[in-house]
Amino acid sequence: MKKEIIEAIQEFETIILHRHVRPDPDAYGSQVGLAEILKETYPQKQVYLAGLEEESLHYLARLDEVPDEAYENALVIVCDTANEERVCDQRYKDGKKLIKIDHHPNHESYGDINWVDTEASSTSEMIFELYQAGRISGFKLNQSAARLLYAGIVGDTGRFLFPSTTERTFEAAQELVKYGFDRKQLYESMYQVPLSVAKFKGELLQSMEPSESGAASFKLTKEVLERYHVSPEETHSFVGIGGDIQGVLAWVFFVEDEEVIRVRLRSKGPVINGVAAQFNGGGHPMASGAKVSSWEEADELVQVLEATCQEYKQEKRLEQK
Ligand code: AMP
């Protein structure tokens, strides 16, 4: 699969890179990290970064305005995006050849080449492995690419904490840090939060009441977010809130954003991407997302989450007998 991707990269003179809507560091890390590898290796090729910019990720990279004509004879590579609806900038279909590179469960194949590895901690880790496979064909990695891929890996593994972190992850990280980028500054950009956000996290912890089954839910209405000066995007910095709390198995944040209520689900045991799938979402077994259109629907989702936690507890009890 990697060989096919490398051959396609060699073949095309224009390569356009996409990733998912509402990007996170792995989306940017894999998209822009791959772009940096390609620019370093093939300075004569046209390499474009498509998609809406996310202000909170400006510290990682800035993207391009891609002209429509660029797609005519282009290779398009979509990184870190499980399904077509979530690709940012729907012109991704307009190229000559399409490649999907992703680490989410592959419920929806798209494109001419699908490289999906759900064992990878992040798509950035996969891009590093693509670079390793391409070295023999002349692929080059520079400091900027190393910083981006490292940021993507760090972001998706919760700083090497989540069980998705494997030997492969540490091997990639070990190689990437050799490029000498400023790790302290990178971590500050990724993890420092405004005082308002830190205080809000404190409020959430104060109010947290996990149910008997181990589920917890948080409803962040527009009004609440405005009162605490927290943006919907900033909720990413405390979405892992239940991780270290005894008795909490899975939790959900409902974040009111424009016309929809975004759902951010996390777990320490029960598989929750099935819950997300019931509400038009998806994602990883322990970190998923969806959208609901009303607070009534949000309550329905909480019920499903409760049942999932109950079942999980029941299974654990049976296993111990
Ligand atoms: P988030 O809470 O936004 O960090 O998302 C956690 C995981 O769920 C990521 O792997 C996303 O790709 C996935 N995800 C989030 N929202 C959706 C959605 N609406 N549909 C499918 N997957 C989603």
Asker: Determine the interplanar angle of the F181 and Y150 rings, folded into 0 to 90°, and report it as parallel if under 30°, tilted if 30 to 60°, perpendicular if over 60°.
Answerer: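 Rings of F181 and Y150: tilted, as their planes differ by 30° to 60°.
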Asker: Is M1 close to I113 at the side-chain level, that is, under 4.5 Å between some pair of heavy atoms?
Answerer: yes
Asker: Which distance, rounded to the nearest 0.5 Å, do you find between the OH of Y312 and the CD of Q310?
Answerer: 13.5 Å
Asker: Could you tell me the separation between the CE atom of M190 and the NE2 atom of H236, rounded to the nearest 0.5 Å?
Answerer: 8.5 Å
Asker: Can you check whether E13 reaches Q46 side chain to side chain, under 4.5 Å on heavy atoms?
Answerer: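 Contact flag for E13/Q46 side chains = no.
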Asker: For the pair E108 (side chain) and E84 (backbone), establish whether a donor and an acceptor sit closer than 3.5 Å, ignoring hydrogens and angles.
Answerer: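 At least one qualifying donor-acceptor pair exists.
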Asker: Counting C-beta onward and ignoring hydrogens, is there a side-chain heavy-atom pair between T14 and Y48 closer than 4.5 Å?
Answerer: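 They are in contact (side-chain heavy atoms under 4.5 Å apart), so the answer is yes.
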Asker: How many angstroms lie between CZ in F170 and OG in S121, if you round to the nearest 0.5 Å?
Answerer: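 It is 9.5 Å, given to the nearest 0.5 Å.
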Asker: Quick one: do R147 and E36 make a salt bridge, cutoff under 4.0 Å?
Answerer: no
Asker: Give the C-alpha distance, both sets of side-chain angles, the deciding distance and a yes or no for side-chain contact (heavy atoms from CB on, under 4.5 Å) between W251 and I245.
Answerer: CA-CA 11 Å; W251 60 102; I245 302 173; over 6 Å; no
Asker: Pair Q10, S137 - check side-chain contact (heavy atoms from CB on, under 4.5 Å), show working.
Answerer: CA-CA 9 Å; Q10 286 169 329; S137 315; 3.5 Å; yes
Asker: Looking only at side-chain N and O atoms, does Q320 offer a donor or acceptor that is under 3.5 Å from a partner on R317?
Answerer: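 Short answer, no.
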Asker: Distance from L52 atom CG to C88 atom SG, nearest 0.5 Å?
Answerer: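 These two atoms lie 4.5 Å from each other.
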Asker: Yes or no on salt bridge (charged side-chain N to carboxylate O under 4.0 Å, His left out) for R168 and E129, after CA distance, side-chain angles and deciding distance?
Answerer: CA-CA 9 Å; R168 280 166 65 186; E129 290 175 356; 2.8 Å; yes
Asker: Hey, which of R262, K291, R264 is the one that makes salt bridge (charged side-chain N to carboxylate O under 4.0 Å, His left out) with D257?
Answerer: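 Among R262, K291, R264, the one meeting salt bridge (charged side-chain N to carboxylate O under 4.0 Å, His left out) with D257 is R262.
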Asker: Looking at K100 and A82, would you say the former's side chain and the latter's main chain have a donor-acceptor pair under 3.5 Å?
Answerer: yes
Asker: Taking the side chain as every heavy atom from C-beta outward, state whether L98 and I77 have any pair of such atoms under 4.5 Å apart.
Answerer: no
Asker: Is the shortest distance from a Lys or Arg side-chain nitrogen in E203 or K199 to a carboxylate oxygen in the other one below 4.0 Å?
Answerer: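 Between K199 and E203 there is no salt bridge, as every charged N stays at least 4.0 Å from the carboxylate O atoms.
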Asker: Could you check whether the rings of H104 and H20 sit parallel, tilted or perpendicular, using 30° and 60° as the cut-offs?
Answerer: perpendicular
Asker: Between CD of E188 and CG of D182, what distance do you get to the nearest 0.5 Å?
Answerer: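 CG of D182 is found 8.0 Å from CD of E188.
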Asker: Which residue, D80, D156, D117, forms the side chain to side chain donor-acceptor pair (under 3.5 Å) with T123?
Answerer: D80
Asker: If hydrophobic clusters are built from ILVMFWY residues whose side chains come within less than 4.5 Å, do F162 and V239 share one?
Answerer: no
Asker: Is Q31 reaching over with its side chain to a backbone N or O of L17, donor-acceptor style, under 3.5 angstrom?
Answerer: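 Confirmed, Q31 side chain pairs with L17 backbone.
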Asker: Would Y92 and V32 show up in the same hydrophobic cluster when neighbours are defined by side-chain heavy atoms closer than 4.5 Å?
Answerer: no
Asker: Do I15 and K45 have side-chain heavy atoms sitting under 4.5 Å apart?
Answerer: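 I15 reaches K45 side chain to side chain.
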Asker: Just by distance, do the side chain of K2 and the backbone of L130 share a donor-acceptor pair under 3.5 Å?
Answerer: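 No; judged by distance alone, with no hydrogens or angles, the pair does not exist.
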Asker: Given L60 and L57, is the side-chain contact (heavy atoms from CB on, under 4.5 Å) satisfied, shown in steps?
Answerer: CA-CA 5 Å; L60 281 179; L57 295 176; 4.2 Å; yes
Asker: Are Y228 and V193 linked, directly or through intermediate hydrophobic residues, by side-chain heavy-atom contacts shorter than 4.5 Å (ILVMFWY only)?
Answerer: yes
Asker: How about CG on L318, more than 12 heavy atoms from neighbouring residues, nucleotides or ligands closer than 6.0 Å, or not?
Answerer: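 Result for CG/L318: enclosed.
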Asker: Are V263 and V260 in one and the same hydrophobic cluster, where Ile, Leu, Val, Met, Phe, Trp and Tyr link if side-chain heavy atoms are under 4.5 Å apart?
Answerer: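 No.
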Asker: With a 4.5 Å cut-off on side-chain heavy atoms, are Y131 and L34 touching?
Answerer: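 Counting from C-beta outward, L34 and Y131 never come under 4.5 Å.
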Asker: For T118 and N106: C-alpha separation, side-chain torsions, deciding distance, then whether side-chain contact (heavy atoms from CB on, under 4.5 Å) applies.
Answerer: CA-CA 8 Å; T118 54; N106 194 22; 5.8 Å; no
Asker: We want to know whether T221 and E256 form a side-chain donor-acceptor pair, criterion being a heavy-atom distance below 3.5 angstrom.
Answerer: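 Checked: T221/E256 side chains show no N/O donor-acceptor pair below 3.5 Å.
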Asker: With R266 as the cation and F253 as the aromatic partner, state whether NZ or CZ is under 6.0 Å from the six-membered ring centre and within 45° of the axis.
Answerer: no
Asker: Is a side-chain N or O of T81 found less than 3.5 angstrom from the main chain of C79, in a donor-acceptor match?
Answerer: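 The answer is yes, because a donor-acceptor pair under 3.5 Å joins these two groups.
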Asker: Around atom NZ of K184, are there more than 12 heavy atoms from other residues, nucleotides or ligands closer than 6.0 Å?
Answerer: no
Asker: Consider only side-chain N and O atoms of K39 and N142, and report whether a donor and an acceptor are under 3.5 Å apart.
Answerer: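 No pair is found: no donor N or O on one side chain lies under 3.5 Å from an acceptor on the other.
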Asker: Answer whether the closest heavy-atom distance between the side chains of H107 and N83 falls below 4.5 Å.
Answerer: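 With C-beta onward as the side chain, the pair stays apart.
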Asker: Can any side-chain N or O of E125 pair as donor or acceptor with the backbone N or O of L149 at less than 3.5 Å?
Answerer: no
Asker: Check D89 with R19, please: is the shortest side-chain N to carboxylate O separation under 4.0 Å?
Answerer: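 No, no charged N to carboxylate O under 4.0 Å.
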Asker: Treating E54 as the side-chain partner and S56 as the backbone partner, does any N or O pair qualify as donor plus acceptor under 3.5 Å?
Answerer: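 The answer is yes, because a donor-acceptor pair under 3.5 Å joins these two groups.
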Asker: Step by step, would you call D112 with K97 a salt bridge (charged side-chain N to carboxylate O under 4.0 Å, His left out)?
Answerer: CA-CA 6 Å; D112 305 293; K97 193 166 200 168; over 6 Å; no
Asker: Measure the shortest side-chain to side-chain distance between V78 and V76 over non-hydrogen atoms and say whether it is less than 4.5 angstrom.
Answerer: yes
Asker: So, are E175 and K178 salt-bridged, with charged N and O less than 4.0 Å apart?
Answerer: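 Yes.
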Asker: Just checking F238 against F200, ring centres under 6.0 Å apart?
Answerer: yes
Asker: Quick one: does T41's side chain have a donor or acceptor within less than 3.5 Å of a partner on K140's backbone?
Answerer: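 Yes: the side chain of T41 pairs with the backbone of K140.
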Asker: Linking I/L/V/M/F/W/Y whenever any side-chain heavy atoms sit under 4.5 Å apart, do V47 and Y71 land together?
Answerer: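 No, separate clusters.
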Asker: Side chains of S213 and E306: any donor to acceptor distance under 3.5 Å?
Answerer: yes
Asker: Salt-bridged, K219 to D299, with N to O below 4.0 Å?
Answerer: yes
Asker: Using modelled atom types and a 3.5 Å cut-off, is there a donor and acceptor pairing between side-chain atoms of K3 and backbone atoms of A133?
Answerer: no
